[in-house]
Amino acid sequence: METLYDSTPRVGEDASARAQALRTRFFVALPLGIVIMVVSMVQPLQFPGWQWVIAALTLPVVTWCAWPFHKAAFMALRHGSTTMDTLVSLGIIASAGWSYWALLFGGAGEIGMKMSMTLIPRLDHSAHSGHAELYFEAAAMIVVFLLAGRWAEARTRYRAGDALRKLLDLGAKEATLVTWTAAGQRLETTVPARSLKVDDYFLVRPGEKVATDGIVTEGASAIDTSLLTGESLPQDVAIHDDVTGGTINTWGALVVKATRVGEETTLAQIGRMVSDAQATKAPVQRLADRVSAVFVPIIIAISLLTLIVWIALGNPLQAAFTAAVSVLVVACPCALGLATPTALLVGSGRASQLGILIRNAEVLEQTRTITTAVLDKTGTVTSGVLSIDKVLPAAPDQDEESLLALGAAVEAGSEHPLAKAIYRTAAERGLQMPSISAFANHAGKGVSASLGSGNDAVVLVGGSRWLAKHGIALPVGLADQQASFEDSGATVVAVVSAPASNFVANGDRQSGEELSTDSLEGLLDQTLEASHLAQVTMGVTGMTCASCVGRVERKLKKLPGVSAQVNLATETAMITLDQDYSDKELEDVVAAAGYGGTVQRRENLEAA
């Protein structure tokens, strides 16, 4: 039998079920309790035989509606302990039991009997013609009020996990399973994401969620990992890069091999971590539990002592019993036992709504001592929306608007988040964008386009290192500013227009011949592929934010003939070598930046 793993675990199901059960019992007890209380306390409403009707209405309230309290008290008693539910159950049983005794044997069952409300029974017990008093309204309203409190507490527990549930619901519900026939034909089938198994291959189209944790085997794209890292800028991924279930693929199609499913996924582990955190107890809560452990026996002892003292002082048994039950009832909703865990749950729930996951209750309690918050998140504590901060033309005769319009015209064909930010800014400014006749996306590097219409220019938009591979270098002034911007956590994109002949070797293209998308893509990538010596995958430890990523990349790129892309989510660096460097030389560069680097894989492209 095949087992289906659900990679989006449910959080708070027990609290939700408990809240629903308490809600049902509360709305059954509420109308009955109101009728019982009003009739018992207002004499004009006490018709002949009213006490028997009230007794019948009270029975389901003190039994079925109050069953959660009785059950918890009995379970605690079996283990030789007492809880707040012990007081609740004793108060309900004592007041209802006395009332039924009074009704059957104490003379309160006589037809025509009237009962009025008194503040101190022992001073006014003669008002009821000597019969025993009834406390059905007390028993019923104890249940009503405590059910309302427990229902509110259960709802609070459930809502404390709202943000976490929203996080876990981000997991994909469906996946496109990729299989191959014996003849090598590729087949795609839509299946539930929970049905994926380790080593299955699945397709992730642009805009879709990654179904489960895995490693990219085909394609290149940028993954929105803000779910895990808080980074607003998507992380570029390519073959051999790890991806996490629940993250969003922004633009390229990927084929991913599943490496973890079900409870082993990162998303499931986050859910387990927060669930465990909410189950932990803070020191103040453990103190409250210790006090509660002796509080309940003390209250029971005081109640018994009250009964004995009142009887010893010559008061009627009924008055003594009323005073003893009052002690139990007043002590039932003890704030010490209820308020502390509820406050901790509300605190952790509010934090999760603000995107803060608290490791355990002790950490939450320690936050009261915090005076200063230090955020090591340079360039990532943002609104989460990419925007253009500054446009710097290189040529004196070129203005910002024409440069931005040229870049936006090329980026219009790309789905990369950076491209969308450039295009959106140009559109918001109402700029007129030039038309293009061909467009090519160079995964992980940039985009290019031909202006066409007899124009021999090719426009490249991407990182300066990619442009340098084509012999295009930034002016010294702009290069210095680029370093300054990158140090602040910004991403710098260069826009360059150059004749197509710059990229054509051996006269492969006639002057004036219009470029197509395919020829444009091959034109630019061919020169790069010819120059690469090796592709190195390095594991990098110690990074915590986008600033760390930029620092590692800059250190590596300072080596002549080296380009690098660092992924914070997977803690890896993809390094392309155009000059020969040993693994140790690369690792030493990363170590000099203050991080740990270990080469995991090296692929010699020249030999291939």
Worksheet entry | Passing option when Thr266 is tested against Thr212, Asp242, Asp213 for side chain to side chain donor-acceptor pair (under 3.5 Å) |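 Of Thr212, Asp242, Asp213, side chain to side chain donor-acceptor pair (under 3.5 Å) with Thr266 is met by Asp213 alone.
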
I'd like to know if the side chain of [X] reaches the main chain of [Y], judged simply by a donor and an acceptor atom lying under 3.5 Å from each other, with no hydrogens or angles considered.
X: Glu137; Y: Gly33; value: no
X: Ser40; Y: Ile36; value: yes
X: Asn249; Y: Val204; value: yes
X: Thr306; Y: Ala323; value: no

For [X] against [Y], the heavy-atom pair lying closest together:
X: Ala29; Y: Leu147; value: CB-CD1, 4.0 Å
X: Ala320; Y: Ile311; value: CB-CG1, 3.6 Å
X: Thr250; Y: Ala222; value: OG1-O, 2.5 Å
X: Ala56; Y: Pro60; value: O-CD, 3.1 Å
X: Ala211; Y: Ala172; value: CA-CB, 3.8 Å
X: Thr259; Y: Gly214; value: OG1-CA, 3.4 Å

Side chain proximity check, [X] to [Y], heavy atoms < 4.5 angstrom:
X: Leu134; Y: Met113; value: yes
X: Leu177; Y: Leu196; value: yes
X: Ile248; Y: Ile223; value: no
X: Val144; Y: Met37; value: no
X: Thr86; Y: Ile300; value: yes

Worksheet item: Among all residues two or more places apart in sequence or in another chain, which pass the salt bridge (Lys or Arg N to Asp or Glu O under 4.0 Å) test with Arg205?
Response: Glu188, Glu208

Atom [atom1] in [X], atom [atom2] in [Y]: separation rounded to 0.5 Å?
X: Phe136; Y: Leu59; atom1: CZ; atom2: CG; answer: 9.0 Å
X: Ile34; Y: Leu57; atom1: CD1; atom2: CG; answer: 12.5 Å
X: Arg150; Y: Leu22; atom1: CZ; atom2: CG; answer: 8.5 Å
X: Leu254; Y: Ile215; atom1: CG; atom2: CD1; answer: 12.0 Å
X: Ile302; Y: Phe295; atom1: CD1; atom2: CZ; answer: 8.0 Å
X: Leu32; Y: Ile54; atom1: CG; atom2: CD1; answer: 9.5 Å

Item to complete: Output all residues satisfying side-chain contact (heavy atoms from CB on, under 4.5 Å) with Ala66, sequence neighbours left out; order by chain, then residue number.
Response: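 For Ala66 the side-chain contact (heavy atoms from CB on, under 4.5 Å) partners, ignoring immediate neighbours, are Phe69, His70, Ile92, Val143.
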
Worksheet item: For atom CZ of Arg424, is the number of surrounding heavy atoms from other residues, nucleotides or ligands below 6.0 Å larger than 12?
Response: yes

Discussion item. Is the ring pair Tyr135/Phe321 parallel, tilted or perpendicular, if the boundaries are 30 and 60 degrees?
Written reply: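 Taking Phe321 first and then Tyr135, their aromatic rings sit tilted (interplane angle of 30° to 60°).
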
Worksheet entry | side chain to side chain donor-acceptor pair (under 3.5 Å): pairs with one or both residues in residues 50-68, sequence neighbours excluded | none

Worksheet item: For Thr244 and Val210, what are the C-alpha separation, side-chain angles and deciding distance, and is it a side-chain contact (heavy atoms from CB on, under 4.5 Å)?
Response: CA-CA 7 Å; Thr244 304; Val210 178; over 6 Å; no

